[in-house]
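Working notes for the structure below.
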Amino acid sequence: MYSHSIANLEDIPQIRVLMASSISTLLGELLNDHQLEAAKESMGLDTQLIEDGTYFLVKNEEVLIGSGGYSYRKTLFGGNHTPNRSDDLLVPGKDAAKVRAMYTDPSWIRKGVGSYILNLAENSIVQLGFSKAELMATVSGILLYEKRGYKVVEEIEYESLLGNKVPMYKMEKNIHG
């Protein structure tokens, strides 16, 4: 039903449209305006994932319906604009690989797109020698991740530069090939 490809830099405009729609609609239904501002600052496009070849596009026929990926770098969440980034490499077998930047077109939620992306990411992570994955979940994604075996290990409040706060959930999962 779905097909996927590895994102490239030419896909960025299409990815930005998907991200904006997903954030505004899916999170917009669950957060107030101040929380949504903080969420938008904490999320977004991280071109390092595209440059590393670790970011997937999921399509139904030729229509982009989801995106997401993984990273073997230390940054846990956020876009190019998010503070506290690190491009330092993780150590397979010691560190947890990161599941990153998952977005679904609002008209495709609850249809397996997120699970499809997680399968792609987790399979790739295992092939790189990692045995654990971690991610930072939003209120709109936490249920998917819990159903897929991720456990909350820390609840945080991300504070935006404007001082607005949004809840986020650091989650982990042991993965095996």
Side-chain angles (χ1 to χ4, degrees), residues 7 12-50 52 54-56 58 64-90 95-110 113-115 117-118 121-122 125 132-175:
I12 288 175
Q14 194 177 11
I15 294 167
R16 285 191 195 282
V17 170
L18 173 67
M19 288 179 172
S21 173
S22 181
I23 293 168
S24 295
T25 302
L26 302 179
L27 277 175
E29 295 173 354
L30 302 171
L31 302 174
N32 65 41
D33 289 345
H34 297 291
Q35 292 171 315
L36 188 58
E37 180 276 328
K40 286 178 179 179
E41 182 182 292
S42 74
M43 301 171 77
L45 185 63
D46 183 346
T47 54
Q48 185 66 60
L49 299 173
I50 296 172
D52 287 344
T54 62
Y55 200 66
F56 303 105
V58 176
L64 180 63
I65 59 172
S67 66
Y70 65 96
S71 181
Y72 47 78
R73 298 180 186 275
K74 289 188 178 180
T75 298
L76 179 57
F77 68 94
N80 292 345
H81 61 278
T82 309
N84 301 321
R85 298 174 50 78
S86 171
D87 288 335
D88 292 346
L89 299 177
L90 299 167
D95 297 319
K98 314 305 183 204
V99 173
R100 301 276 318 277
M102 291 190 45
Y103 298 94
T104 301
D105 181 297
S107 61
W108 284 87
I109 60 168
R110 312 269 185 283
V113 176
S115 290
I117 296 167
L118 277 175
E122 290 173 359
I125 288 166
K132 187 190 287 189
E134 67 181 7
L135 56 84
M136 188 64 79
T138 63
V139 294
S140 65
I142 191 169
L143 292 177
L144 166 67
Y145 303 127
E146 286 177 336
K147 287 180 181 177
R148 292 295 310 257
Y150 286 82
K151 306 284 185 217
V152 175
V153 295
E154 182 181 3
E155 293 183 35
I156 69 159
E157 275 195 321
Y158 178 86
E159 184 172 350
S160 74
L161 296 174
L162 295 178
N164 295 318
K165 296 179 181 179
V166 65
M168 299 175 80
Y169 309 89
K170 183 177 179 184
M171 303 181 81
E172 292 181 348
K173 176 183 177 180
N174 291 323
I175 56 174

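The closest donor-acceptor contact from the side chain of Gln35 to the backbone of Asn32 lies under 3.5 Å. In this structure a side-chain-to-backbone donor-acceptor pair under 3.5 Å is missing from Ser21 to Val17. Ser22 places no side-chain N or O within donor-acceptor distance of the main-chain N or O of Tyr103, the cut-off being under 3.5 Å. The closest donor-acceptor contact from the side chain of Ser24 to the backbone of Gly28 lies at 3.5 Å or more, if one exists at all.
Pairing each heavy atom of Met43 with each of Thr82, the nearest pair is O-OG1, 4.2 Å. The nearest pair of heavy atoms linking Ile50 to Ala7 is CG2-O, 3.7 Å. Smallest separation of non-hydrogen atoms from Gly44 and His81: CA-CE1, 4.2 Å. Across all their heavy atoms, Ile117 and Gly66 have their closest contact at CD1-C, 4.0 Å. Closest approach of Asp87 to Thr75, counting heavy atoms only: N-OG1, 4.4 Å. A pairwise comparison of heavy atoms in Ser71 and Leu90 identifies O-CD1, 4.0 Å as the closest pair.
In this pair, Phe56 and Tyr70 present their aromatic rings tilted. The plane angle is within the 30 to 60° band.
Atom-to-atom distance recorded for Ser42:OG and Ile156:CD1 is 8.0 Å, nearest 0.5 angstrom. How far CG of Asn174 is from NZ of Lys151: 10.5 Å, rounded to the nearest 0.5 Å. Remark: Arg100 CZ to Gln48 CD distance equals 9.5 Å, nearest 0.5 Å. From Ile23, atom CD1 reaches atom CG of Leu36 across 8.0 Å, with rounding to the nearest 0.5 Å. To the nearest 0.5 Å, the span separating CG on Asn80 from OG1 on Thr47 amounts to 3.5 Å. Rounding to the nearest 0.5 angstrom, the gap separating the CD1 atom in Ile109 from the CG atom in Leu26 is 5.0 Å.
Contact of the Leu144 side chain with the Lys147 side chain is not registered, since no non-hydrogen atoms from C-beta on lie closer than 4.5 Å. Side-chain atoms of Tyr158 and Glu41, non-hydrogen and from C-beta on, do get closer than 4.5 Å to each other. Within the 4.5 Å cutoff, the side chain of Leu30 has no heavy atoms near those of the Thr138 side chain. Side-chain atoms of Asp33 and Asn164, non-hydrogen and from C-beta on, never get closer than 4.5 Å to each other. Residues Met102 and Leu118 form a side-chain contact, since some pair of their non-hydrogen atoms from C-beta on lies under 4.5 Å apart. At least one side-chain heavy atom of Leu45 sits less than 4.5 Å from a side-chain heavy atom of Ile12.
In terms of the salt bridge (Lys or Arg N to Asp or Glu O under 4.0 Å) criterion, residue partners of Asp52 (sequence neighbours excluded) are, by chain and number, Arg73. With sequence neighbours excluded, the residues satisfying side-chain contact (heavy atoms from CB on, under 4.5 Å) with Ser107 are Asp105.
No hydrogens or angles considered: a donor-acceptor pair under 3.5 Å links the side chains of Tyr55 and Ser67.
Salt-bridge formation is detected for the pair Arg85/Asp46: a Lys NZ or Arg NE/NH1/NH2 atom is positioned less than 4.0 Å from an Asp or Glu carboxylate oxygen.
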Acceptor/donor pairs from residues 165-173 side chains to any protein atom, 3.5 angstrom cut, sequence neighbours excluded:
unit_1, atom_1, unit_2, atom_2, d
Lys173, NZ, Glu122, OE1, 3.3
Lys173, NZ, Glu122, OE2, 3.3
Lys173, NZ, Arg148, O, 2.7

